[in-house]
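A note on names: the letters A, B, ... follow the listed sequences, proteins ahead of strands, and every chain is numbered from 1.
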Amino acid sequence: MDIKVLKEITKIMKDNDLIEVEVEAKDLKIKLRKAAACAPVPALVQAVAAAAAPVAAPALAAAPAAPTKNADEANWKQITSPIPGTVYLKPNPDAANFVAEGTAVDAAKVVCLIEAMKVFNEIKPDAGITGQIKRICVKDGQAVEYGTVLFLVG
Amino acid sequence: MDIKVLKEITKIMKDNDLIEVEVEAKDLKIKLRKAAACAPVPALVQAVAAAAAPVAAPALAAAPAAPTKNADEANWKQITSPIPGTVYLKPNPDAANFVAEGTAVDAAKVVCLIEAMKVFNEIKPDAGITGQIKRICVKDGQAVEYGTVLFLVG
Amino acid sequence: MFKRILIANRGEIAVRILKTCRRMGIETCVVHSTADKETLAVKLADVAICIGPGPAKGSYLNINNIIAAAELADVDAIHPGFGFLSENSHFAQVVRDCQIEFIGPLSESMEALGNKAKAKTLANKAGVPCVPGSTGPVSGQDEAIKIAREIGYPVLIKATAGGGGRGMRVAHNDASLVSGLIQAQREAEAAFGNADCIIEAFVQRARHIEIQIIGDKHGNVVSLGERDCSTQRRHQKLVEESPSPVITPEIRKNMGADAVKLAKAAGYYNAGTVEFIYDLERKKYFFLEMNTRIQVEHPVTEMVNDLDLIALMIKVAAGEPLPFKQEDIKPKGHAIEVRINAEDWQNNFSPAPGKISMYVAPSGKGIRVDSHCYAGYTIPPHYDSMIAKLIVHGTDRADALRLLEQALSEYYLEGVKTTIGFHQRLIRDPRFVNNEVTTKWVDDVFMKQ
Amino acid sequence: MFKRILIANRGEIAVRILKTCRRMGIETCVVHSTADKETLAVKLADVAICIGPGPAKGSYLNINNIIAAAELADVDAIHPGFGFLSENSHFAQVVRDCQIEFIGPLSESMEALGNKAKAKTLANKAGVPCVPGSTGPVSGQDEAIKIAREIGYPVLIKATAGGGGRGMRVAHNDASLVSGLIQAQREAEAAFGNADCIIEAFVQRARHIEIQIIGDKHGNVVSLGERDCSTQRRHQKLVEESPSPVITPEIRKNMGADAVKLAKAAGYYNAGTVEFIYDLERKKYFFLEMNTRIQVEHPVTEMVNDLDLIALMIKVAAGEPLPFKQEDIKPKGHAIEVRINAEDWQNNFSPAPGKISMYVAPSGKGIRVDSHCYAGYTIPPHYDSMIAKLIVHGTDRADALRLLEQALSEYYLEGVKTTIGFHQRLIRDPRFVNNEVTTKWVDDVFMKQ
């Protein structure tokens, strides 16, 4: 084995804030561990396969929403509540939801209503958020605050 | 395996703040662990390289004494003060010091006096501390407290 | 009594209000920005609702979102604290229009007294002595020069919508008056969207003395005595104390009566502060302005009167009559407050936000600390730099100063620069100890030595 | 007055003593073990000296090292706090032999009153009522049975050197007396190196009431009123209050007079506490023992009397006469102290040392917290588990309980388990509120429900 391999791995560690790396070649076993900010290091171990390819840092979802499940999710965008209020997913009790998982959305599409001060505010994705609804993060009638994640769009 | 490899690995460890390295050659097994930033690193982890001899753990000097300078120092033992008081390095003002750097010491050798409660307490190394005085960490007449490092012995 | 109160503020005053609510058995809803998720009030609140991003414009000044939170949390009343929307009469009106009680005066009273020129007119009518000068905004340079010559130089140029020293200039002659007026107007336009300025006689050696008043909805208004806030830096109060060590009992009594007179003239209720300037040469006081809200330094008044001003505000807002009459108010001892800010006082008091790594506040008899900080808390850069208010209450001023010196020496805080060192130096200065301070002293003398 | 005092203790009492010293302008030297390098007193002290390893035997009980530190720091006096060497008459004598003032009573007084059998003899002589029973250690089973039959079962077996509930047994008949005596002697021998036991009548429904006294070197001894510490778990005090809600003014007066009588009989000076058991059935009190030092619960007495007991201890140690007479002592209001410990109270109060990650103590009028803890502080496993003493002072007991409930709800502490939840539940229990508690109630009723 060449010492250079070790050096390259330590560089990857440094660049990705990893605190643990395990590599086992010939049919490959890789184990990486990242530093938890300050907390008692939770075992967030991600097994990645692929020989020499650089390892993507497992981005933590910023929001206290649902935990991310796969690599795709890291790229999903959030539609958040601009105001504290009550979420309504349908225009009226008897109607269908504005959107479902898979619905295509853009800045023109009403995705839900948030009632605040007796006013039903139509919520649309911010400019730049286009794609399909990947997940609905709130329930009909749920109270939300500023910044609560309503939908994930991918 | 060449000892140089070991040296290079320990250098990589030091440069990258690693606390654990495992390398298994011939078809490669590598394991690296970095110190978690905030957690009070509990296990004094021992670095092991391939099939070769174990590498000494980079022991942290427990005392707030002088910073260690070279690998040898990690093995030096401390003679500490058992009592708050005033250190005297010589038996009387006109005499020579009890010990100098290089003096051989063992549990029978008086290395200094600590005056406490008008009594001059003869300080000798604890049993098991033998070797040469490597460094004198206090000055004649200095006030010390319990645990103050007086001498390093190697 | 209210069942649940929304606290539309942050920092130590949010904690202060929350504690009184809890003591009264009232639930609390604390609204906060995304930058304040870790503030103490959020942790202590019965309900905490995020209302917007860090910059105050989107959160603590966002009327829509605050009202939305109030309806979501189903509160009976809103306490605005100080700063932010506390003196916004429109906000008070919106709150009341939503059938929620605004814990403060009527919007009309806020409008009548919150504007300096209007307030001065009202004070003149009510017979409260004002600094001689223009009775309203000056129309231009010519009128300014005419008035300045009448009252004699030096004169002070002040923005009617101003506060905190912005939009203020001193002029010593016609030339500096003209240039000062232009600058003040420009600054006022930028800061408050209103360029109106008034002109008045400038008091050379002044003490800043203010009267705390409280009124109920039944027409009762009582003065709770004065606070002397003369130790200022660039018009920002640094130290507040009560009683004032420089005025006579007679002046104290007249000031209090005049403050009550003014409040009554405006149909005022709830807590308010009537600020006066006291001219050390003429030994006369003049009405400066009125703050239609609770003030940072209110604990000074609480300590000498042994009462809870926030509780009184809530009670009178709920319609209760004041539980005392003017003759019941008998302040005891001497209280001093200093503001502990996260500022590098040796470097022009520049703000020093950051993470507090170690925090132990002083405690003990006669020592009070109002704060929202704790070890591990990061002071966000969006808001003011206040860490805590340290208030001491002694038997007399010397005793209070001893207590203050001790409390400052016991304040154990690491991680950010603070003004503790400034206060330690200040209270050992013989001129401060001997009450030789004027409102300009810190700027002109103390900081230059 | 002393120039520098050595504080031979740790935890909150070290901070408590330090603050009073600072208030009095006296420098402080804090000695500490290697496990206490991060404690607050070390950070606040003028001089801090490490005297030994974590286990108390090598540090806080190491007389040699403490005296060495005292000479190194050149102190005038040593305050022993409570626990550790505070009741060690040998230590007091060594200190005085070194020309350093021991802030406490004479060694002779400590010896006369620190031993329970001796103290009881002295009390009997002085005419202070004692629980009927043996006047000294029982020689064996036969004498024990004879005495027990004379005074009637149930009887209590107590180690003369005991404390904190160790070496204590209740016997309801001859058989349980014999086995209990053996157990108590064995326990006492192991814990205190002294197997001597006395036997006395067992009071079924008891309140623990104690009198705080203070004496000067001029023969004056004054009672500062009582503390009721009946809420105990396994003989460990949990809550202390003053005044006692169950005794009459007459009993209070007699208890105080008897406490003073006993102290004078022993030539006692400085602070001390005379503990009584109050029999709720007979409505009589009996002398239990005397603690010849400051106690954990002393703040309760400070609050109702508006004085600083630590300052008084220092002053009388320096030779000053007491600044008041018995008739000047007029306690006001009602004070309650609860001990906040790092214990898992739902799991048999097992100690729960560890790191405090978040710490904000309650504050406000009538609320006092004595503590050495802060966020980031790790409670070492070597010593007791006390985090803080929370003391409230209200106008009456109901007011104090309201304040206490609020203060407990404002106590914001994360990282370790605490007894806050226990106290919250306790003070809502109607039997506690209505003063139906006896010294056994927590063990026999409250913890079993």
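The part of B:Val144 that comes within reach of chain D is its backbone (N, CA, C, O), which places non-hydrogen atoms under 4.5 angstrom from that chain. Only the backbone of D:Ala48 comes within less than 4.5 Å of a heavy atom of chain B; no side-chain atom from C-beta onward does. Neither the backbone nor the side chain of D:Asn62 comes within less than 4.5 Å of any heavy atom of chain B.
Scanning all heavy atoms of the two residues, the minimum distance from D:Ala68 to B:Ala116 falls at CB-CB, 3.5 Å. Among all heavy-atom pairs drawn from B:Pro84 and D:Ile51, the shortest one is CG-CG2, 3.7 Å.
Most heavy-atom pairs under 4.5 Å with chain B: of the set D:Ala73, D:Ser33, D:Pro53, this distinction falls to D:Pro53.
Between the CG atom of D:Asp97 and the CE atom of B:Met117 there is a distance of 12.5 Å, given to the nearest 0.5 Å. Distance CD/D:Glu71 to CD/B:Glu115: 8.0 Å, rounded to 0.5 Å. Rounded to the nearest 0.5 angstrom, D:Asn65 CG and B:Glu145 CD are separated by 11.0 Å.
In the displayed structure, D:Lys43 atom NZ is contacted under 6.0 Å by more than 12 heavy atoms of other residues, nucleotides or ligands. Atom NZ of B:Lys90 is surrounded by more than 12 heavy atoms from other residues, nucleotides or ligands within 6.0 Å. By the 6.0 Å contact criterion, NZ on D:Lys217 is enclosed, its count of non-hydrogen atoms from other residues, nucleotides or ligands being greater than 12.
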